[in-house]
S.K.: 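Sharing a structure below in structure tokens format, with a few things to ask.
Throughout, numbering of the chain's residues begins at 1 and tracks the sequence.
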Amino acid sequence: MKIKNLCLVAAGLALAIQGCKKDKTPETTPEVANYVLSVTGGVSPNQTSYLFSSKDVPTGAVGTSNALESTSSATIYKYGKYIYQNNFAAPATLTKYGFDASGKPQAAGSFAIPGLRTIGAVLFISETEAYATVASFGVTPKLVKFNPTTMQVTTTLDLTGLNKTGATEVYYMGLVQRGNNIFMGVNYQDASFSNLEDKVFVAVIDRTTDKFVKLIEDSRSSQMWNGGTDASFSPNSLIKDASGDIYVMGYANNGKPSGVLRIKNNETAFDQSYFFNLTTTAGGPCVGLFHFGHDQTFTVTYTRAAAYPFDSGTAAGQYRKINLQTQTVSGNISSTLPLIKGNKAFMTKWDDQKIYFNVAADASINSIYSYQLSNGTVKKEFDLSSGACNGFAKLVQ
């Protein structure tokens with residue numbers, strides 16, 4: 001009886017399997033990483049950073065329960081379908097992440113620079129050519145050339161021509177490429193950690209020979225303190241417009257205003273006919289340039305001079321729209337936004353509809369908002385419950 005019953009059960013299973021084959025079962029669609037977020041929570045040195053993805057633009061309050069965690073502050077850079085992450089720790093390391101079918105980050109290579117602690121700006125030229133600034137307090141910074149596909153450093157550029165007598169600290173502040181040249185902001189500090197000179201400095205580097213060409217300077221504004229690239233999520237000090245003109249942000253110090261200078265297309269010197277005084281026009285000192293095409297440029301203006309430029313005390317920054325051609329300021333993009341920490345500001349765009357930007361304020365206010373390009377409408381998109389946002393990217397699949 002037992003054998004007979006087993007045979008009947010087996011026959012039933014066979015029929016059930018055949019029936020399943022005849023019926024078209026619905027396929028499950030794997031979660032796809034279309035959007036990526038980086039968040040850092042905690043207070044230095046006890047910080048944790050979270051890297052995670054989403055199929056759709058998040059809404060509501062966004063947690064980090066499914067994130068890849070790392071024990072330090074982090075910055076990210078976007079290029080194609082990959083995210084490149086730097087964690088503040090020795091040695092300075094840049095790790096490339098792809099995302100699996102479940103949307104989780106998967107390391108796809110890395111490189112490390114011994115003796116230094118952090119990657120600054122990362123500039124992508126192509127699938128096989130990119131540049132990164134590398135820094136650490138008390139150590140001469142480096143500019144390295146690497147292959148984003150293999151994550152191999154191919155060259156450490158010789159920038160000894162950038163040395164200045166009396167400079168005890170040197171910082172590289174942002175990168176932009178035009179033709180065969182790389183333009184890089186440079187900041188020089190003396191032994192008392194004050195500006196060696198209150199001027200704007202930009203290095204010109206030949207990317208075909210990897211050689212330093214010259215250092216240009218302008219005394220109408222002062223040394224920059226931020227710098228990223230199109231791939232970064234930070235206030236940029238150098239941007240390039242559609243005509244090939246490069247605009248450089250100078251900071252306010254010792255009576256010099258925040259100002260924008262220009263290096264015209266096909267030139268490697270500052271245009272002496274152009275100077276945009278942001279302190280006067282915007283009504284306060286400013287940090288960073290965020291550029292998205294004609295008449296779509298923004299900066300962060302400080303409403304309280306004592307907070308500038310390192311966000312001392314309570315948040316005091318406002319996003320303001322500016323016009324580089326007419327040298328005008330449209331004002332605060334929204335009167336309902338809280339004041340922000342300018343050094344944590346970023347703006348990013350991946351279509352012709354919206355610019356997304358972060359609001360990192362006091363009392364753990366950390367949110368992502370959008371700015372509608374067609375009419376300037378500002379809307380909160382989502383909140384972040386675990387800390388300040390270091391980046392929000394859409395991957396190019």
S.K.: Please set out all donor-acceptor pairs under 3.5 angstrom arising from side-chain atoms of residues 35-48, sequence neighbours excluded.
M.R.:
residue : atom : partner : partner atom : Å
Ser38   : OG   : Asn390  : ND2          : 3.2
Thr40   : OG1  : Ser49   : OG           : 2.6
Thr40   : OG1  : Asn390  : ND2          : 2.7

S.K.: Under 4.5 Å between any side-chain heavy atoms of His291 and Leu324, yes or no?
M.R.: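 His291 reaches Leu324 side chain to side chain.
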
S.K.: For Thr328, give me all partners under side-chain contact (heavy atoms from CB on, under 4.5 Å), at least two apart in sequence or on another chain.
M.R.: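 Applying side-chain contact (heavy atoms from CB on, under 4.5 Å) to Thr328 gives Asn323, Thr326.
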
S.K.: Would you check if Thr348 and Phe233 make a side-chain contact, meaning some heavy-atom pair closer than 4.5 Å?
M.R.: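 Thr348 vs Phe233: side chains touch.
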
S.K.: Sort and list the pairs that fulfil side-chain hydrogen bond (donor to acceptor under 3.5 Å, both in side chains) and have at least one residue in residues 60-71, not counting sequence neighbours.
M.R.: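 Sorted pair list: Thr64-Ser386, Ser70-Asn87.
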
S.K.: Look at the side chain of Asn265 and the backbone N and O of Ser243, then say whether any donor-acceptor pair between them is shorter than 3.5 Å.
M.R.: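 Looks like yes, one N/O pair under 3.5 Å.
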
S.K.: State which residues pass ring pair (Phe, Tyr, Trp, His ring centres under 6.0 Å) with Phe193; sequence neighbours excluded, sorted by chain then number.
M.R.: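 Per chain and number, Phe193 pairs via ring pair (Phe, Tyr, Trp, His ring centres under 6.0 Å) with no residue.
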
S.K.: With sequence neighbours excluded, what pairs up with Phe270 under the ring pair (Phe, Tyr, Trp, His ring centres under 6.0 Å) test?
M.R.: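 Ring pair (Phe, Tyr, Trp, His ring centres under 6.0 Å) check on Phe270 returns nothing, list empty.
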
S.K.: Answer yes or no: does atom NZ of Lys164 have more than 12 heavy-atom neighbours from other residues, nucleotides or ligands under 6.0 Å?
M.R.: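 Yes, NZ of Lys164 has more than 12 neighbouring heavy atoms, counting only those of other groups under 6.0 Å.
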
S.K.: Apply side-chain contact (heavy atoms from CB on, under 4.5 Å) to Ser192 and list each qualifying residue two or more places apart in sequence or on a separate chain.
M.R.: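 Expected list: Asp190, Ser194.
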
S.K.: What closest approach, in Å, do Pro105 and Tyr97 show between heavy atoms, and which atom pair accounts for it?
M.R.: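 For Pro105 versus Tyr97, the nearest heavy atoms are CB-CD2, 3.9 Å.
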
S.K.: Say whether Phe124 and Leu395 are linked into one hydrophobic cluster, either directly or through other cluster members, by side-chain heavy-atom distances under 4.5 angstrom.
M.R.: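 Cluster IDs for Phe124 and Leu395 differ.
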
S.K.: Search all heavy atoms of Ala108 against all heavy atoms of Tyr82 and return the closest pair with its distance.
M.R.: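 Shortest heavy-atom separation between Ala108 and Tyr82 comes out as CB-CE2, 4.5 Å.
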
S.K.: Between Thr93 (side chain only) and Pro91 (backbone N and O only), is there a donor and an acceptor less than 3.5 Å apart?
M.R.: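 At least one qualifying donor-acceptor pair exists.
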
S.K.: Between Ser221 and Pro257 (side chain of the first, backbone of the second, donor and acceptor by atom type, cut-off under 3.5 Å), is there such a pair?
M.R.: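 Indeed, once roles are kept as given, a pair shorter than 3.5 Å links the two residues.
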
S.K.: Is a side-chain donor or acceptor of Asp311 paired with a backbone partner of Gly342 at a separation under 3.5 angstrom?
M.R.: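 Such a contact is found between Asp311 side chain and Gly342 backbone.
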
S.K.: For a 4.5 angstrom cut-off between non-hydrogen side-chain atoms, does Asn366 reach Asn358?
M.R.: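 Result no, sub-4.5 Å side-chain heavy-atom pair not found.
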
S.K.: Which pairs count as salt bridge (Lys or Arg N to Asp or Glu O under 4.0 Å) when at least one residue sits in residues 261-275, sequence neighbours excluded?
M.R.: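 For residues 261-275: Arg262-Asp271.
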
S.K.: Answer with yes or no whether the hydrophobic clustering places Phe137 together with Ile119; edges join I, L, V, M, F, W, Y residues whose side-chain heavy atoms lie under 4.5 Å apart.
M.R.: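 Phe137 does not cluster with Ile119.
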
S.K.: Could you tell me which residues satisfy side-chain contact (heavy atoms from CB on, under 4.5 Å) with Asn266, sequence neighbours excluded, listed by chain and number?
M.R.: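 Per chain and number, Asn266 pairs via side-chain contact (heavy atoms from CB on, under 4.5 Å) with no residue.
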
S.K.: Assess, by modelled atom type and distance only, whether the side chains of Thr208 and Asn180 contain a donor and an acceptor separated by less than 3.5 Å.
M.R.: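 On atom types as modelled, these side chains do not qualify, holding no pair under 3.5 Å.
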
S.K.: Using a distance-only test with no angle check, is there a side-chain donor-acceptor pair under 3.5 angstrom linking Glu381 and Ser370?
M.R.: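 Ser370 and Glu381 do have a side-chain donor-acceptor pair below 3.5 Å.
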
S.K.: Using only atom types and a distance under 3.5 Å, with no angle test, would you say the side chain of Ser232 pairs donor to acceptor with the backbone of Ser234?
M.R.: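 No, because the side chain of Ser232 does not come within donor-acceptor range (under 3.5 Å) of the backbone of Ser234.
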
S.K.: Is any side-chain heavy atom of Gln296 closer than 4.5 Å to one of Lys321?
M.R.: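 Lys321 reaches Gln296 side chain to side chain.
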
S.K.: Please collect all side-chain hydrogen bond (donor to acceptor under 3.5 Å, both in side chains) contacts where either partner lies in residues 132-148, sequence neighbours excluded, each pair once.
M.R.: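 Sorted pair list: Lys145-Asp210.
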
S.K.: Applying the 4.5 Å side-chain criterion to the ILVMFWY set and letting contacts propagate, would Tyr77 and Leu116 be lumped into a single cluster?
M.R.: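 Per the 4.5 Å side-chain linkage, Tyr77 and Leu116 are co-clustered.
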
S.K.: So, does Ser219 use its side chain to make a donor-acceptor pair with the main chain of Lys199 at under 3.5 Å?
M.R.: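 Pair absent, no side-chain N/O of Ser219 close to backbone of Lys199.
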
S.K.: Do other residues, nucleotides or ligands put more than 12 heavy atoms under 6.0 Å from Lys344 NZ?
M.R.: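 Incorrect, the count does not exceed 12.
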
S.K.: Can you name the closest pair of heavy atoms from Ile76 and Gly391 and give their distance?
M.R.: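 Taking Ile76 first and Gly391 second, the nearest heavy atoms are CD1-CA, 3.9 Å.
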
S.K.: Donor-acceptor check, side chain of Gln177 to backbone of Gly179, threshold 3.5 angstrom: yes or no?
M.R.: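 Side chain of Gln177 to backbone of Gly179: a pair is present.
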
S.K.: Walk me through it: do Tyr84 and Met151 pass the test side-chain contact (heavy atoms from CB on, under 4.5 Å)?
M.R.: CA-CA 10 Å; Tyr84 298 74; Met151 291 302 286; 3.6 Å; yes

S.K.: Can you list the other members of the hydrophobic cluster that holds Leu175, where links are side-chain heavy atoms under 4.5 angstrom apart?
M.R.: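 Besides Leu175, the hydrophobic cluster comprises Leu123, Ile125, Tyr131, Leu143, Leu157, Leu159, Leu162, Val170, Tyr172, Ile182, Met184, Val186, Tyr188, Leu196, Phe201, Ile205, Phe212, Leu215, listed by chain and residue number.
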
S.K.: Donor-acceptor pair, Asn34 side chain versus Lys55 backbone, under 3.5 Å?
M.R.: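 Judged by distance alone, yes, a pair lies under 3.5 Å.
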
S.K.: When you measure from the side chain of Thr229 to the backbone of Ala121, do you find a donor-acceptor pair of N or O atoms at a distance under 3.5 Å?
M.R.: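 Between the backbone of Ala121 and the side chain of Thr229 there is no qualifying donor-acceptor contact (under 3.5 Å).
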
S.K.: Would you indicate whether the side-chain heavy atoms of Leu238 and Met249 approach each other to under 4.5 Å?
M.R.: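 No, too far: nothing below the 4.5 Å cut-off.
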
S.K.: How long is the gap from CD on Gln327 to OG1 on Thr281, to the nearest 0.5 Å?
M.R.: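 Those atoms lie 7.5 Å apart.
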
S.K.: Per the ring pair (Phe, Tyr, Trp, His ring centres under 6.0 Å) rule, which among Phe346, Tyr369, Trp350 passes with Tyr356?
M.R.: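 That would be Trp350; it is the only one of Phe346, Tyr369, Trp350 passing the ring pair (Phe, Tyr, Trp, His ring centres under 6.0 Å) with Tyr356.
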
S.K.: With the side chain counted from C-beta on, respond yes when Val260 and Asn277 share a heavy-atom pair under 4.5 Å apart, and no when they do not.
M.R.: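 No, too far: nothing below the 4.5 Å cut-off.
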
S.K.: Considering residues at least two apart in sequence or located in another chain, which fulfil the side-chain contact (heavy atoms from CB on, under 4.5 Å) criterion with Thr268?
M.R.: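 Thr268 satisfies side-chain contact (heavy atoms from CB on, under 4.5 Å) with Asn181, Phe183, Val204, Lys214 only.
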
S.K.: Within the 4.5 Å heavy-atom criterion, are Lys349 and Leu373 side-chain neighbours or not?
M.R.: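 Yes. Closest side-chain heavy atoms under 4.5 Å.
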
S.K.: Treat each ILVMFWY residue as a node, draw an edge where side-chain heavy atoms are under 4.5 Å apart, and state whether Ile368 and Ile355 are in one component.
M.R.: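 As far as the 4.5 Å side-chain criterion goes, Ile355 and Ile368 are not connected within one cluster.
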
S.K.: Suppose we screen for ring pair (Phe, Tyr, Trp, His ring centres under 6.0 Å). Which residues come up paired with Phe111, at least two apart in sequence or across chains?
M.R.: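 Applying ring pair (Phe, Tyr, Trp, His ring centres under 6.0 Å) to Phe111 gives Phe146.
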
S.K.: Can a donor-acceptor pair be found between the side chains of Asn226 and Tyr251 at a distance below 3.5 Å?
M.R.: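 The answer is yes; a qualifying pair exists.
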
S.K.: Indicate the atoms forming the closest heavy-atom contact of Thr301 with Cys286, along with that distance.
M.R.: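 Answer, listing the atom of Thr301 first, then Cys286: OG1-SG, 3.3 Å.
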
S.K.: Do Phe392 and Val300 belong together in a cluster built from hydrophobic side chains that touch within less than 4.5 Å?
M.R.: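 In one cluster: no.
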
S.K.: Can you confirm whether or not the ring centre of Phe290 sits under 6.0 Å from the ring centre of Phe298?
M.R.: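 No; Phe298 has its ring centre 6.0 Å or more from that of Phe290.
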
S.K.: Working to the nearest 0.5 angstrom, can you tell me the gap between Arg207 CZ and Thr155 OG1?
M.R.: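 Reported value, rounded in 0.5 Å steps: 12.5 Å.
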
S.K.: How many angstroms lie between atom CG of Asn253 and atom CH2 of Trp225, to the nearest 0.5 angstrom?
M.R.: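 CH2 of Trp225 is found 9.5 Å from CG of Asn253.
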
